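Just so we're on the same page: letters track the sequence lines, and every chain starts at 1. Since the structure is predicted, the reported quantities are computational estimates derived from the model, not experimental observations.
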2 protein chains.
Amino acid sequence: MVTIRDVARYAGVSPATVSRVVNGLTGYSTSTQLRVEEAVLALNYEPDSLARGLKTKQSAVIGVLAPLVSDALASEIMSGVESAARSRGYSVMLGRTGLGSEHAAGYLRTLRTYRAAGVILISAAITADMRRALGSAIPLVSVAIRDGLRFPSLAIDDERAAYDGTRYLIGLGHRHIGLLAGDPQSVLVNTVRERGYLRAMAEAGLPAVLEQGNSLYDSAPPALGRLLRRDPLLTAVFALSDEMAAAVVNDLQRLGRRVPEDVSVLGFDNTRTARHVHPALSTIAQPLEKMGELAVERLLAGTDLRPRILPHRLVERGSTTQVPPG
Amino acid sequence: MVTIRDVARYAGVSPATVSRVVNGLTGYSTSTQLRVEEAVLALNYEPDSLARGLKTKQSAVIGVLAPLVSDALASEIMSGVESAARSRGYSVMLGRTGLGSEHAAGYLRTLRTYRAAGVILISAAITADMRRALGSAIPLVSVAIRDGLRFPSLAIDDERAAYDGTRYLIGLGHRHIGLLAGDPQSVLVNTVRERGYLRAMAEAGLPAVLEQGNSLYDSAPPALGRLLRRDPLLTAVFALSDEMAAAVVNDLQRLGRRVPEDVSVLGFDNTRTARHVHPALSTIAQPLEKMGELAVERLLAGTDLRPRILPHRLVERGSTTQVPPG
DNA sequence: TTGTAGGCGTTATCAC
DNA sequence: GTGATAACGCCTACAA
C-alpha cells in the first residue's frame with residue numbers, strides 16, 4: 001500500500017505538504033504542487049479513508065436504509081441520493097433493514113462506528129431506538145414518510161394526496177370506491193392516507209370500504225377479494241402503492257373483470273411498476289428522485305432539517321375511466 | 001464518544017485488557033472479564049471501526065456492486081449476501097454502478113480505501129480496469145455471470161439453461177420460436193445464452209429468429225415488434241430475463257393476442273417479477289439467493305475462488321402451453 | 001512556504 | 001493474567 005510518506009519521499013517534500021495539496025488547502029508554491037501531483041499520479045496514491053476518518057472524525061459516507069432496497073420506490077429515491085452524493089464526493093452505503101425495520105438498529109450502529117456523515121431512511125419512521133443506535137452526532141433524515149413534526153423528514157402531504165386521488169375517482173362518477181391500504185406497520189403514511197380517503201368519501205356522502213395490505217404485490221389479491229366481498233358493486237379500487245395496484249389489475253383480469261371498463265384502478269407513488277402492467281396505472285406521483293437529492297443536500301448542509309412537504313400530482317394513464325353506465 | 005480507555009478506566013483495567021475481552025481473545029481472569037463486560041454495557045461502548053480497521057488493515061465490510069440495485073435479480077442475490085454476511089459479523093455496502101458499469105471503478109476505489117474484506121459483483125463481468133481499481137489485496141467475485149475461466153464467478157451454465165428452455169418450447173410443439181436476447185453489454189451471459197438457443201433450434205431444424213433488448217422491461221415491446229415482423233407466425237417467445245418476458249406478456253395482450261393460448265412466453269431468472277404478471281411466467285430458475293450466500297462464503301474463505309457452476313431448473317407456470325392447433 | 005510532532009482509537013508485542 | 005508501549009496512516013497546530 002502506498003502512503004502519504006511514500007508520496008512525500010517521491011516528491012521530495014514533507015507528508016504535511018502532500019496532505020495540503022491533496023486536500024486542496026493553501027500554503028504551497030505552484031512548483032511543489034506540481035511535483036506532488038506528479039508523485040500522486042506516478043504512485044497511484046489514494047488516501048486511506050480509515051486513517052483519514054479516524055483523524056477527522058468523519059467519513060465521506062452516507063448511509064441509506066430501506067426496508068427492502070429492491071422496491072421501485074426505494075430505488076428511485078436512491079437514484080437521487082446517489083447522484084447528489086457522488087457529485088459532492090460522498091459514497092453511499094445501502095442497507096436493507098427488513099420489512100419491520102428489524103435490522104435498522106444494527107446498521108445504524110455500524111454507520112455510527114464508521115462515523116458516517118449522515119443517514120437517510122426510506123419509507124421508515126425514525127424511532128427513538130434508531131436515534132439512540134445512531135448516536136447524536138450523525139444527522140438522520142426520513143424520506144417518503146412523514147413522522148409528525150418531531151423528526152426531520154421529506155415527504156408529500158399524504159393526507160391531501162389520498163384525498164385528491166379519491167376526489168378524482170369520485171369526479172369520474174364512481175360511487176363504490178374501495179381502498180387498499182398499506183402496511184399497518186408504516187402507520188405514519190398509511191393512517192394519514194386513509195384519513196384522506198375517508199374525508200373525501202365522507203364529504204361526498206359515500207360509504208367507505210377499506211382493507212389492509214402490506215404495500216407489496218402479494219398482499220393485494222387476498223385484500224382485493226375481501227374488498228369485493230364487502231362491496232360487490234365496486235367500480236374503482238384505490239391502492240396505496242403501485243405494486244398493490246398492479247396486482248389488483250392482474251387479479252381483476254384473472255377474475256374476468258376488465259380494467260378500466262368494469263373497474264378503475266388508481267395507484268400511488270408513480271414508480272416504474274406503474275408502467276409495468278397492462279393497462280398502465282393512473283397513479284399519484286411523488287417526486288421521488290428529487291426527494292433523494294434534497295435529502296443529501298439537507299443532510300450535508302446540517303441545518304434546516306425540519307420536516308418539509310413536497311408537491312404531489314395525479315398522473316392519468318389507462319387504468320382509470322368514467323364509471324361504467326348502468 | 002466513549003473509547004476503549006473510558007471502559008478501561010471504568011473497569012479498573014488497562015485498554016489492552018479491554019481489547020482482549022472485547023475481541024474474545026484469551027489471557028484474562030473470569031472476574032476481570034465480568035468487570036469489563038459490565039463496563040462495556042454501562043458505557044454503551046462500541047469499538048470504532050475506523051480505528052480498528054486502520055490497525056488491523058481490514059474492515060468488516062463486504063461491497064456489493066450491481067448495475068441497478070433495484071432489479072429483482074440483484075435483489076434476490078443481495079438477500080443471500082446479506083444474511084450470510086450478517087451471520088458472520090460483516091456489513092454490506094451496496095453500490096449501483098449503472099447499466100454500463102460506469103461507476104464501478106469509483107466504487108471499487110472507495111472500497112479499497114476502506115479496506116473492504118471483499119467485493120461481490122452482480123451481473124457484471126470483472127474487467128482488468130476493475131481489478132486494478134480495487135487493488136490486489138481484496139478478493140473479488142462475480143455472481144450470475146460467467147466470465148470465461150479467468151476470474152472467480154458463481155453462475156449457472158447459461159448455454160445449457162437456454163438450450164433447455166428452447167428444447168422445452170420445442171417439446172410443446174412450437175416451431176416458430178423467437179428469442180428476445182439481453183443486453184449486448186453483458187456479452188458474457190447473453191452471447192452464451194444465445195448460443196444455447198441457436199444450438200437447440202439448429203438441432204431441431206428450425207429457423208432462428210432473434211432480437212436484442214437490454215434485459216429491462218422497456219426494451220421488450222419494440223424488440224417484440226421486430227420479432228413479430230420478422231416472423232408473423234411466432235407461437236412462442238423466449239425472453240432472456242423475466243422483466244422482458246413480463247413486458248412481452250403485457251404487450252402481447254395489448255396487441256390482442258392471448259397468452260398462452262396464442263403465444264407462449266418463457267422467461268429467465270425466476271425472480272419475483274415472474275409472478276407479477278397475469279398469467280404468471282414459466283421461466284428458467286437460477287438459485288439466486290444461494291449464489292449470494294456462496295459468494296460471501298467463498299470470499300471470506302479466501303480460497304477456492306475458481307468459477308463454479310450451479311444448477312438451473314425449469315419452472316412451469318401459466319405463460320406457456322402446447323402450440324395452438326392449426 | 002514548508003517541516004516537525006503529536007494524536008485520533010485501536011490492536012499487538014513486549015515485558016512483568 | 002495484566003499493563004506499558006509502539007504503530008497503523010493521516011491531519012493539523014505550531015514552529016521555522
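Once rounded to the nearest 0.5 Å, the distance linking CG of B/L43 with CG of B/D6 reads 6.5 Å. Rounding to the nearest 0.5 angstrom, the gap separating the CG atom in B/L310 from the NZ atom in B/K290 is 8.5 Å. Remark: B/T113 OG1 to A/M1 CE distance equals 8.0 Å, nearest 0.5 Å. Atom OG of residue B/S19 and atom CD1 of residue B/I4 lie 4.5 Å apart, to the nearest 0.5 angstrom. Distance CD1/A/I138 to CZ/A/R131: 8.0 Å, rounded to 0.5 Å. Interatomic distance, A/I122 CD1 to A/L154 CG, rounded to the nearest 0.5 Å: 11.0 Å.
Among the nucleotides C/dT2, C/dT10, D/dG9, the one closest to any side-chain atom of B/A51 is C/dT10. Of the listed nucleotides (C/dT11, C/dG9, D/dC11), D/dC11 has the atom at the smallest distance from the side chain of A/I4. The B/R52 side chain lies nearest to C/dT10 when the options are C/dT2, C/dT10, C/dG9. Closest contact between the side chain of A/D48 and the listed nucleotides C/dT2, D/dC11, D/dC10 involves D/dC10. For A/S29, taking side-chain heavy atoms from C-beta onward, the closest of the listed nucleotides C/dT1, C/dT10, D/dC10 is C/dT1.
Taking atom CG on B/L43 and atom C1' on C/dG9, their separation rounds to 15 Å, with Å as the unit. Atoms CE (B/M1) and P (C/dG7) sit 18 Å apart, rounded to a whole Å. Distance, A/R5 CZ to C/dG3 C1': 12 Å, rounded to whole Å. Between A/D6 atom CG and D/dC10 atom C1' the separation is 13 Å, expressed in whole Å. Taking atom CD of A/Q58 as the reference point, atom C1' of D/dT12 lies 17 Å away to the nearest angstrom. Per the geometry, CD belonging to B/E46 stands 15 Å off C1' belonging to C/dT10, to the nearest Å.
For B/Y45 and C/dT10, the shortest distance from a side-chain N or O to OP1 or OP2 is below 4.0 Å.
There is no side-chain donor-acceptor pair under 3.5 Å between A/S241 and A/S215.
Between the side chain of B/K55 and the base of C/dT11 there is at least one donor-acceptor pair of N/O atoms closer than 3.5 Å.
Only A/V13, A/S14, A/A16, A/T17, A/R20, listed by number, bring a heavy atom of residues 13-26 of chain A to less than 4.0 angstrom from any atom of DNA chain C.
Between B/L54 and B/T32, the residue anchored nearer the 5' end of DNA chain D, judged by the nucleotide with its closest heavy atom, is B/T32.
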